Amino acid sequence: MANIAILGCQWGDEGKGKIVDLLTEKTNAVVRFQGGNNAGHTIWVDGKKSVFHLMPSGVFHPNNILVIGNGVVINPHILWEEINQLSETGIDLKGRLFISDSAHIITNFHSAIDKIREEDKILTKGSKIGTTGLGIGPAYEDKCARVGLRFMDFYDMDLCEEKFYHNAGLHLSSVQAVHKNYELPNLDDIYSSLKEVSLKLLPFVCDTLDLLHKISDKGEHILLEGAQGCFLDIDHGTYPFVTSSNTTIGGALTGTGMSTKMIDQVIGVSKFYATRVGEGPFPTELNDEIGALLQEKGHEKGATTGRDRRCGWLDVCQLQKASLLNGLTSMVLTKLDVLDTLAEIKICTHYLVGGDVDKIENKFPNRTDILSELTPVYETLPGWQSPTKGIREFSELPKNAKSLVKRIEELVKVPVTIVSTGPDRLDTIIRKHPFAD
Ligand code: GDP
Ligand code: IMO
Ligand code: MG
């Protein structure tokens with residue numbers, strides 16, 4: 001048995017999709033365990049780009065079954081769209097895709113509420129979260145309030161209808177009380193389209209907990225695919241500028257029903273620099289020409305919303321905290337090639353609080369107010385100023401690129417086993433394969 005979890009170590013978009021696609025060549029099942037279609041996971045194979053929001057990224061390896069675990073919040077319309085798009089390319093998911101009967105449903109009124117709240121100047125008091133507007137937060141709120149709709153509710157459509165209208169009515173009346181000017185969505189339209197699409201999805205619904213345990217008991221390999229990243233975690237992220245699920249290792253367990261004993265490796269993915277979409281503190285953010293270069297060369301635009309990603313230097317304190325929180329057994333570093341033209345590369349090793357040289361902070365703090373006051377202190381390493389795109393052997397990297405990898409490894413105290421040198425599946429250096437003996 002060798003099951004591995006792949007988790008983002010920053011604020012999402014670290015390149016998890018590419019790595020999941022790469023590693024699922026050797027697995028039998030891949031499972032999403034949290035988040036929803038706020039995720040945008042990009043895969044490039046043979047010059048063709050695919051972006052998945054709900055579909056696990058192992059879809060191009062037919063040796064894998066695809067599981068959407070109980071911790072995911074699912075917009076059935078988006079999932080059905082992804083199933084159809086894949087079917088048009090000849091990938092049939094019948095008997096291969098399994099949706100947890102306990103997974104919660106995002107309806108279009110959840111997305112409407114998400115958007116209304118983000119636009120509301122009084123509610124947000126000028127401090128928007130910058131959500132994807134896809135209803136993720138409101139759906140998880142319903143889950144915690146114990147009023148959410150789950151896929152198993154579709155087994156009794158009468159009861160489901162009653163729950164839907166009751167829940168939607170409660171939400172919309174509270175929204176209406178505060179935001180008198182917003183046009184509310186039509187519930188009958190939402191329910192009838194929800195019912196139609198959910199009935200199409202019912203053949204894929206099952207008890208995925210049972211399924212995953214059976215697979216693992218057979219000695220087959222399961223890959224758990226994280227969405228978002230460590231610092232968007234609802235408990236450990238830069239609250240309130242976070243998503244509404246646990247993106248750290250705990251979410252992988254609760255979101256699938258797998259136990260600690262079943263996870264052999266926890267692999268953290270990070271870029272060689274840092275990005276963030278949406279609002280919130282970002283100590284190493286660069287609002288200068290280097291930030292612009294990273295944005296342009298890294299094509300740093302959100303895969304879900306198309307927003308520009310904010311860019312900055314790598315924050316080693318973040319990676320150290322990601323390792324601590326998740327018990328990382330190894331790391332994957334992506335987008336080395338984006339740094340190719342730089343004369344110098346900086347990595348943040350600690351901070352000064354409020355610019356005071358006597359107030360040194362070595363750890364990534366959890367307090368947003370302190371985070372906003374930090375001045376990063378950098379270690380500067382020489383660049384290599386030669387192309388690394390597509391390099392597949394560590395020995396072929398320029399000396400300074402190798403030194404950067406080794407320095408990050410040394411500071412984070414976690415081995416870097418994979419280095420990504422381009423978006424394509426093949427643009428990868430595998431120093432030690434997670435499934436090697
Ligand atoms: P995810 O959400 O963590 O799966 O990451 P995204 O797909 O949102 O964003 C990562 C972006 O970087 C995608 O456009 C990938 O195709 C791209 N990417 C991944 N690895 C590399 C790499 O090593 N080099 C370059 N240039 N692009 C990469
Ligand atoms: P992947 O899986 C980057 C961000 C949003 C916003 C915050 C809350 O592709 O790495 P939400 O809609 O979740 O309530 O928004 O979280 N966010 C992401 N940023 N990558 C993601 O997913 C994200 N999913 C959510 O931009 O700041
Ligand atoms: Mg993404």
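Predicted, not measured: the structure shown is a model, and the values here were computed from it.
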[X] vs [Y] side-chain heavy atoms within contact, under 4.5 Å:
X: Phe98; Y: Cys206; result: yes
X: Asp233; Y: Tyr239; result: no
X: Val414; Y: Glu409; result: no
X: Thr349; Y: Asn362; result: no
X: Leu371; Y: Thr238; result: yes
X: Ser323; Y: Lys413; result: no
X: Thr284; Y: Ile347; result: no
X: Lys297; Y: Thr341; result: yes

Nearest 0.5 angstrom please: [X] [atom1] to [Y] [atom2], how far?
X: Arg32; Y: Ile68; atom1: CZ; atom2: CD1; value: 7.5 Å
X: Glu225; Y: His41; atom1: CD; atom2: NE2; value: 5.5 Å
X: Leu86; Y: Leu97; atom1: CG; atom2: CG; value: 9.5 Å
X: Ser386; Y: Ile391; atom1: OG; atom2: CD1; value: 7.0 Å
X: Asn3; Y: Thr27; atom1: CG; atom2: OG1; value: 9.5 Å
X: Asp101; Y: Arg150; atom1: CG; atom2: CZ; value: 7.5 Å

Kindly give the heavy-atom pair with the smallest separation between [X] and [Y], and that separation in Å.
X: Ser57; Y: Ile43; result: O-CD1, 3.4 Å
X: Pro434; Y: Gln265; result: O-NE2, 2.8 Å
X: Ile263; Y: Leu224; result: CD1-CD1, 3.6 Å
X: Leu66; Y: Gly58; result: CD2-C, 3.8 Å
X: Cys230; Y: Thr248; result: SG-CG2, 3.8 Å
X: Thr24; Y: Asn63; result: O-ND2, 3.2 Å

> Passes salt bridge (Lys or Arg N to Asp or Glu O under 4.0 Å), Arg407 versus Glu379? Steps please.
Replying inline: CA-CA 10 Å; Arg407 185 65 184 137; Glu379 188 170 307; 2.5 Å; yes
> Quick check, are the ring centers of Phe231 and Phe364 under 6.0 angstrom apart?
Replying inline: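 Distance test on ring centres: under 6.0 Å, yes.
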> Can we call the ring centroids of Trp11 and Phe241 under 6.0 Å apart?
Replying inline: no
Salt bridge [X]-[Y], side-chain N to carboxylate O under 4.0 Å:
X: Asp92; Y: Arg96; answer: no
X: Arg310; Y: Glu285; answer: yes
X: Glu118; Y: Lys115; answer: no
X: Asp427; Y: Arg392; answer: no
X: Arg367; Y: Asp369; answer: yes

> Regarding Arg431 and the six-membered ring of Phe394, is the cationic atom NZ or CZ under 6.0 Å from the ring centre and inside 45° of its axis?
Replying inline: yes
>> Arg117 vs Glu141, test: salt bridge (Lys or Arg N to Asp or Glu O under 4.0 Å). Steps then yes/no.
In response: CA-CA 14 Å; Arg117 284 194 194 149; Glu141 284 166 37; 2.8 Å; yes
> So does Asp288 have more than 12 non-hydrogen atoms from other groups sitting under 6.0 Å from CG?
Replying inline: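 More than 12 within 6.0 Å, yes.
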> Given Glu300 and Arg307, is the salt bridge (Lys or Arg N to Asp or Glu O under 4.0 Å) satisfied, shown in steps?
Replying inline: CA-CA 9 Å; Glu300 296 297 353; Arg307 290 176 288 176; over 6 Å; no
> side chain to side chain donor-acceptor pair (under 3.5 Å) between Asn38 and His53: does it pass, once the steps are laid out?
Replying inline: CA-CA 7 Å; Asn38 48 350; His53 303 288; over 6 Å; no
>> Using the side-chain contact (heavy atoms from CB on, under 4.5 Å) definition, which of the options Thr42, Thr334, Thr428 pairs with Lys18?
In response: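 When Thr42, Thr334, Thr428 are each tested with Lys18, the side-chain contact (heavy atoms from CB on, under 4.5 Å) holds only for Thr428.
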